[in-house]
Amino acid sequence: MTTVQAPQKRHTSPLLYPAALLSLASLAWTTWSLVDLLGTGLIGVTVAAGADIIWGSVIIAEARGLRVAHKPWAVPAFGWAALLVVAGFLAWHGIATGSPAMAAAGPFLPLGAKAVWVLALADMRDPAALTHDELHSLAEMERGMKLEEEQHRIEMRRRTMHSELVMREVSTDFDIEVMRQDRARELQRRRPLELAAAPEPVQRTEAVGETPDQTDDAPEARVPLTPAETPRITREAPLMRDSEPLPLQGVSKAEAVRIVRAAEPTASAPQIVKRLAQQGIEADAGYVRTVLSRIKQRNTTDGGYL
């Protein structure tokens with residue numbers, strides 16, 4: 001059951017006055033006829049008043065454009081049905097009292113009042129105003145707009161929640177990347193320093209005009225104080241036991257480096273990385289050098305040697 005704003009009405013109509021008078025006369029006649037037909041005394045006034053209230057409520061519902069199940073004819077049909085029931089009671093009362101004139105004229109009064117009210121309501125409507133059907137169409141469009149607004153609001157809330165989740169994930173990934181770069185710089189800083197090669201010793205030069213075999217008067221070459229530079233290894237020595245498995249399961253990466261170093265004391269950092277990779281452990285040369293440096297520091301502190 002729905003209601004819409006009734007079409008705009010004119011302020012007054014000449015038909016209002018006869019409609020109101022006929023309604024009062026119909027109420028009085030209907031009340032007396034029903035009370036006399038029932039024969040219950042004053043208690044019968046309740047039945048008569050109920051019939052009058054139903055008839056008046058239907059008039060108001062029609063003026064407001066009330067629809068039942070979106071059907072415009074439901075309320076007028078109910079009003080005419082109620083009016084026919086009242087007219088039937090009035091005709092019955094005339095027949096029961098033995099007055100054919102009362103049986104014929106009695107129903108005419110409420111029927112005439114109903115007809116005059118229909119004319120008065122039609123005359124009060126503005127011809128340029130929207131009809132009830134047009135108003136219901138606009139109301140349906142308004143309901144559709146409200147539904148779309150609510151759907152849009154809920155969709156925006158869902159997108160806002162999704163964007164917040166994405167931003168949190170991006171922020172977490174950013175923090176992890178920054179932490180990883182900090183750790184990489186820290187490992188790079190803790191790597192052992194690579195010492196530069198010692199400068200070449202000054203060689204003895206021959207005096208001017210002196211042959212190589214004349215060494216009597218030539219100055220003797222100074223003995224360099226620094227020890228002779230150990231020649232660098234241009235290629236890595238192969239591991240002696242590449243095929244021998246080591247007990248590296250279930251140990252940490254640093255402990256694995258220590259085990260490989262203990263098994264191969266002369267292995268370099270790249271060789272240790274290669275040996276760990278054969279055992280399924282990933283490590284880079286910088287990490288291995290850091291662990292070897294800590295081992296060297298600990299052995300130096302304890303007074304031992306690698």
Side-chain angles (χ1 to χ4, degrees), residues 1-140:
M1 183 180 297
T2 58
T3 58
V4 296
Q5 183 181 1
Q8 296 180 359
K9 301 180 179 63
R10 297 175 182 176
H11 296 290
T12 57
S13 175
L15 295 176
L16 284 176
Y17 303 105
L21 292 175
L22 288 174
S23 297
L24 293 176
S26 176
L27 291 176
W29 179 260
T30 303
T31 302
W32 175 78
S33 297
L34 291 179
V35 171
D36 186 53
L37 178 63
L38 294 175
T40 56
L42 295 178
I43 195 64
V45 177
T46 57
V47 178
D52 296 334
I53 291 173
I54 293 173
W55 181 75
S57 300
V58 172
I59 294 294
I60 296 173
E62 288 187 51
R64 291 180 56 83
L66 183 65
R67 292 190 176 188
V68 179
H70 301 283
K71 297 178 180 179
W73 52 265
V75 175
F78 180 74
W80 284 106
L83 182 60
L84 291 177
V85 172
V86 173
F89 282 124
L90 295 178
W92 186 7
H93 176 256
I95 296 172
T97 57
S99 175
M102 185 181 298
F108 183 74
L109 186 58
L111 290 174
K114 172 69 173 177
V116 174
W117 269 113
V118 172
L119 296 176
L121 293 176
D123 186 51
M124 292 174 61
R125 293 190 181 96
D126 185 4
L130 298 176
T131 62
H132 288 294
D133 294 334
E134 293 171 345
L135 290 174
H136 277 279
S137 299
L138 294 177
E140 186 175 357

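What you see is a predicted model; the values in this text were computed from it and never measured.
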For Y17, give me all partners under side-chain contact (heavy atoms from CB on, under 4.5 Å), at least two apart in sequence or on another chain. none
Please tabulate, one pair per line, all N/O donor-acceptor pairs under 3.5 Å involving side-chain atoms of residues 80-95, not counting sequence neighbours.
unit_1, atom_1, unit_2, atom_2, d
H93, NE2, D36, OD2, 2.5

Throw together a table of side-chain donor-acceptor distances under 3.5 angstrom for residues 100-120, partners on residues two or more places apart or in other chains.
unit_1, atom_1, unit_2, atom_2, d
K114, NZ, E62, OE2, 2.5
W117, NE1, A19, O, 3.4
W117, NE1, S23, OG, 2.5

Which pairs with one or both residues in residues 87-106 pass salt bridge (Lys or Arg N to Asp or Glu O under 4.0 Å), sequence neighbours excluded? none
Keeping to residues at least two apart or across chains, list the side chain to side chain donor-acceptor pair (under 3.5 Å) pairs with something in residues 24-34. T31-D52
I need the full list of salt bridge (Lys or Arg N to Asp or Glu O under 4.0 Å) pairs touching residues 91-101, with sequence neighbours left out, sorted by first then second residue. none
